[in-house]
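See below for the structure under consideration.
We count ligands from 1, going down the list as the structure has it; atoms in each ligand are counted the same way.
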Amino acid sequence: MTDADLVVHGAAELVVGPATGTTDGGHPGAHEPPTEPDAVLERLEDGAVAVTDGHVVAVGPTDEVVREYPPESANRAVDAAGRAVLPGFVDSHTHAVFAGDRSDEFAAKLRGKSYQEILAEGGGILRTVQATRKASADDLLERLLGHLDEALAGGATTVEVKSGYGLETDTERRLLEVIRRADDRHPVTVVPTFMGAHAVPDGESTDTYVDRVIEEQLPAVADLAAFCDVFCEKDVFSVDQSRRVLEAGREHGLVPKVHAEEFARLGGSRLAADLEAVSADHLLQATADDAAALAEAGVTPTLLPGTPFALGTEYADPRQFLAAGGEVALATDFNPNCYAPQLPFAATLACVEMGLSPAEAIRASTYAGGLALGADRPSIAAVPAGIGTLRDGAPGDLLVLEAPSHAHVPYRFGTSVVDSAFIGGELAFTAGSGVSR
Ligand code: NIG
Ligand code: FE
């Protein structure tokens with residue numbers, strides 16, 4: 001018998017991670033409805049998990065786990081009777097550090113203005129840049145901490161945050177410093193991404209700006225980031241410009257991520273595959289060929305259904321990526337254009353609008369989110385191996401729902417079904433008393 005820091009036992013359902021044993025993880029093929037909707041997750045009835053020193057040390061049937069790790073001698077024990085226990089959600093794509101809001105553009109969009117028209121008129125990202133440049137680091141930090149509170153209340157225990165509302169060296173660095181301080185101050189694990197190539201500042205030529213990102217920004221910020229992202233899009237950064245930025249980022253040790261094929265099919269997926277980026281994100285216009293290229297290169301397609309929801313446009317097709325043999329990750333894309341910081345809302349959209357089963361949506365919000373942050377690549381230290389699962393050795397990041405199964409996460413929307421969240425085995429959130437920070 002051994003003392004554990006945390007023992008959660010008696011869970012009506014314990015989601016261990018993706019199902020093992022089938023080469024495709026049990027995902028049905030292209031356009032086939034899931035025949036066994038739960039088959040993509042390994043789930044235990046009456047399950048338990050023990051955490052010591054921040055990591056899972058045992059997971060299995062309650063009677064086996066408690067024999068080795070008795071709840072009475074654990075620092076903390078949770079009787080999860082009647083409730084589901086899940087790995088914490090991994091939100092692998094947010095722009096959560098910004099000032100101001102764009103509620104007026106929301107109304108303009110409802111009147112028919114497109115995202116690109118707003119950006120071309122100096123609105124959109126560029127308005128948030130103006131507000132963000134003026135904001136103090138302390139204000140930005142307070143706001144980011146508030147956003148992380150909301151993300152955690154929705155079940156995210158790891159959140160990637162991009163810079164990209166500075167578009168000049170000082171502010172880009174300030175944003176990444178704020179992201180680092182937020183990681184120190186908040187229980188959520190915060191993963192920093194540099195995205196100086198998010199938009200082209202007013203009055204600057206794109207080529208000149210790309211030079212600045214590479215020559216001025218990257219050397220000044222690279223020590224603060226794990227990934228480098230770029231908005232590879234028609235009228236923003238071309239494939240060649242995006243490649244230059246990402247290759248330069250890689251020379252500074254930053255792993256590429258790509259905003260690809262969102263409004264136009266420009267070739268961002270091919271670029272991501274070529275550079276072995278860790279993820280290609282959005283992919284609304286991606287084709288089956290793009291999906292095949294991503295799967296072959298081990299790039300995780302990351303779908304962000306909150307964005308087409310906010311813009312009133314078509315959703316990405318997850319089946320073509322799954323049929324290509326890859327995983328699909330889901331993330332929020334939380335930003336002033338898509339003001340939805342909780343990952344379960346994306347899961348609901350993925351089920352209702354994109355045809356994922358609840359189990360597929362949970363796999364995409366946990367294990368696959370980890371892959372989109374390099375969890376399976378030993379050379380990338382941003383997140384630990386096993387993240388998004390509760391297998392032995394995984395981080396002790398887990399959720400106790402106030403519901404009996406994972407299906408309640410996408411099923412109930414506009415609310416959170418998370419009763420409590422643990423990060424590294426420590427209590428980080430309860431529905432009753434909020435976030436511990
Ligand atoms: O991923 N597409 C570019 N960047 C963000 C939007 C940022 C913004 O509109 O402020 C995105 O959707
Ligand atoms: Fe984005």
Does ligand 1 have an atom under 4.0 Å from some heavy atom of Pro336? yes
Min N/O separation Thr128 to ligand 1 under 3.5 Å: no
The Fe ion (ligand 2) to His282: any N/O/S contact under 2.8 Å? no
For [atom], what's the nearest protein heavy atom and its distance?
atom                    : value
atom 10 (O) of ligand 1 : Tyr165 OH, 2.6 Å
atom 12 (O) of ligand 1 : Asp333 OD2, 2.7 Å
atom 5 (C) of ligand 1  : His95 NE2, 3.5 Å
atom 4 (N) of ligand 1  : His198 NE2, 2.9 Å

Have a look at ligand 1 and work out which part of Glu233, if any, has a heavy atom under 4.0 Å from it: side chain, backbone, both or neither. neither
Using a 4.0 Å cut-off to any heavy atom of [X], which atoms of ligand 1 qualify?
X      : result
Arg102 : 8 (C), 9 (O), 10 (O)
Asn337 : 9 (O)
His282 : 1 (O), 11 (C), 12 (O)
Glu262 : 2 (N)

With rounding to 10 degrees, His93 NE2, the Fe ion (ligand 2) and His95 NE2 define an angle of 100°
For residues [X] and [Y], establish whether the separation of their ring centroids is below 6.0 Å.
X      : Y      : value
Phe98  : Phe334 : yes
Phe194 : Phe227 : no
Phe345 : Phe413 : no
His147 : His186 : no

Candidates Asp333, Thr193, Thr307, Thr302 - the one meeting side-chain hydrogen bond (donor to acceptor under 3.5 Å, both in side chains) with His93: Asp333
Partner of Tyr209 under side-chain hydrogen bond (donor to acceptor under 3.5 Å, both in side chains), chosen from Glu204, Gln217, Gln241: Gln217
Which heavy atom in Leu343 sits nearest to a heavy atom in Ala331, and how many Å separate them? CD1-CA, 3.6 Å
How is the N/O/S atom of Asp333 that comes nearest to the Fe ion (ligand 2) named?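 Nearest N/O/S atom of Asp333: OD1.
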Atom CG of Asp229 and atom NE2 of His95: how far apart are they, to the nearest 0.5 Å?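 Here the interatomic distance stands at 7.0 Å.
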Between Tyr115, Phe334, Phe263, which one has a non-hydrogen atom sitting closest to atom 9 (O) of ligand 1? Tyr115
Quick one, Pro358 and Pro410 - any side-chain contact, counting heavy atoms below 4.5 Å? yes
